[in-house]
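One structure is given here, and the rest of the page talks about it.
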Amino acid sequence: MAMDWAKLLSTKRLGQENTPGRKDDRSEFQRDFDRLIFSAAFRRLQNKTQVFPLPGSIFVHNRLTHSLEVSSVGRSLGNDVSKILLQRHPALRGSLLSEMGNIVSAACLAHDLGNPPFGHSGENAIRAYFREGVGQRFQTYICPETSDGIGNSEWSDLIHFEGNANAFRLLTHHFKGRRKGGFVMTYSTLASIVKYPYSSSLAGAKGKFGFFEAEKADYSKIADELGILRRETGNGAVCYARHPLVYLVEAADDICYEIMDIEDAHKLKILSTEETTALLLAFFDSERQKLIKRRLSELDDRNEQIVYLRSIAINSLESECVRVFVENEREILEGNFEGSLIKHVSDLTRTAYEKCVDTALNRIYNARMVVDIEIAGYKVITELLDLMMEAVTNSNKTYSRILINRVSTQYEILAPTLYERTMAVLDYISGMTDIFALDLYRKLNGMSLATV
């Protein structure tokens with residue numbers, strides 16, 4: 001049994017299933033893109049760490065610039081794949097397959113919306129707080145105000161907290177004062193951001209999953225409507241095959257993440273020009289390298305040389321991922337394709353990419369400026385979590401009331417269950433920018449009296 005393109009691509013919107021689309025020059029998926037671009041959640045990404053500390057004298061990528069670049073690469077991937085598939089399947093001409101680039105582009109724009117402050121260290125700090133920190137006590141805690149505790153599947157959400165699942169929550173959750181269905185995105189765009197289409201009980205050692213218990217029903221509704229294949233797990237957990245466009249969103253992210261980190265490391269002089277040049281030239285065979293070196297000799301500025309190499313390396317990876325996708329279309333639609341697209345590119349491309357990954361792991365992500373951000377992020381996130389969890393479980397205390405009163409009313413801090421209160425705390429903290437979180441931390445610790 002295979003999934004069907006005609007069903008997988010739908011303009012139906014979560015929360016407005018029976019409302020006809022507006023008649024203007026934009027497609028429904030372009031409207032998804034525009035809703036994201038103009039959202040407060042997207043703007044906040046400009047003050048969220050990608051890898052390196054937010055810029056001083058040298059500008060490096062933040063979550064917003066990264067998301068824009070991923071969206072650009074994703075649009076190219078989607079457009080190139082759709083052209084080939086429309087030639088292969090003439091019966092689909094005139095269908096939504098031609099909108100593939102717009103769907104992937106919008107999904108790429110949204111893929112990092114759920115990431116907390118301080119990059120991946122923010123995710124790690126939230127997981128660690130509940131798994132091994134002070135937050136462990138809430139596993140067996142009965143809240144006197146709600147008269148309940150946190151169930152096993154709900155606890156799994158907390159100890160495996162995942163930015164991807166949080167992005168799906170942000171886009172679909174009915175926050176107070178917001179329309180039912182969250183951003184009211186199309187089913188296809190929403191399905192395209194869920195890299196791990198199963199609940200946290202199946203997260204395993206890597207801790208990856210696609211949706212919290214609170215949004216499990218929403219994902220099932222979307223997946224069943226689109227005809228995404230459901231997998232049997234034996235323990236009743238919700239698990240599906242990936243929506244095919246997830247592979248393109250993932251590829252765009254993988255391409256930009258590694259290649260742009262290499263460029264940023266060069267700007268910050270973590271990598272020399274010679275090292276960076278060698279890494280990026282490795283994507284090409286010897287004959288192509290001769291032509292590239294000739295072009296490099298015409299550029300006097302070293303940074304411009306790296307920019308040129310970065311652009312053609314991205315183009316090479318994009319072309320390879322398109323080839324892998326269309327060659328494996330049947331396996332992808334049957335839910336049998338294993339791994340990411342990049343894992344199946346040519347030996348030359350994969351070897352060059354893996355060399356970039358190894359360099360990033362050994363030289364970039366362990367750089368002092370990156371580690372310092374991780375340390376600070378752990379401290380800030382842990383402290384804020386502890387204060388807010390104490391407040392929502394003892395809201396009658398004077399200090400708790402002060403804290404709760406400064407939280408936006410869109411977050412249901414005093415929801416009727418402990419799990420909902422905990423998720424509201426995570427919504428509040430994960431929505432912060434690095435700067436806001438740090439300022440609040442300082443304020444609550446008496447280090448600053450300035451207004452946030």
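Position 1 is the first residue of the sequence, and the numbers go up from there.
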For L171 versus A110, what's the shortest heavy-atom pair and its separation?
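Looking at all heavy atoms of both residues, the closest pair is CD1-CB, 3.8 Å.
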Atom of G114, atom of N166 and distance for their closest heavy-atom approach
O-ND2, 2.9 Å
Look only at the side chain of [X] and the backbone of [Y], and say whether a donor-acceptor pair between them is shorter than 3.5 Å.
| X | Y | result |
| --- | --- | --- |
| H173 | R169 | no |
| R363 | I270 | yes |
| R43 | F38 | yes |
| Q305 | L299 | yes |
| S316 | I312 | no |
| E250 | K195 | no |
| R35 | F183 | yes |
| S71 | S105 | yes |
| E320 | S346 | yes |
| R350 | V345 | yes |

Salt bridge (Lys or Arg N to Asp or Glu O under 4.0 Å) filter on R231, not counting sequence neighbours, yields none
Side chain to side chain, R127 and I159, heavy atoms closer than 4.5 Å:
no
Any side-chain heavy atom of L113 sitting closer than 4.5 Å to one from L45?
yes
Taking the ring of H344 and the ring of F337, is the distance between their centroids below 6.0 Å?
yes
Between F130 and F161, is the gap from one ring center to the other below 6.0 Å?
no
Between atom CH2 of W5 and atom OG of S95, what is the distance when rounded to the nearest 0.5 Å?
10.0 Å
Gap separating the CD1 atom of I193 from the OG atom of S188, nearest 0.5 angstrom
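Going from the CD1 atom of I193 to the OG atom of S188 covers 12.5 Å.
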Neighbour count >12 (heavy atoms, 6.0 Å) for atom CG, N362
yes
Is it true that, when you exclude E338 itself, more than 12 heavy atoms of the residues, nucleotides or ligands shown sit nearer than 6.0 Å to its CD?
no
What's the verdict on side-chain hydrogen bond (donor to acceptor under 3.5 Å, both in side chains) for N328 and Y247, showing C-alpha distance, side-chain angles and the deciding distance?
CA-CA 11 Å; N328 293 277; Y247 289 101; over 6 Å; no
Side-chain H-bond candidate by donor/acceptor type, H66 with E69, under 3.5 Å
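No, no side-chain donor-acceptor pair sits under 3.5 Å.
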Side chains of S76 and N79: donor-acceptor distance under 3.5 Å anywhere?
no
Parallel, tilted or perpendicular, judged at 30° and 60°: which one describes the rings of H120 and Y257?
tilted
If the test is ring-ring contact (aromatic ring centres under 6.0 Å, His included), which one of Y187, Y196, F168 qualifies with Y219?
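Result for ring-ring contact (aromatic ring centres under 6.0 Å, His included) with Y219: F168.
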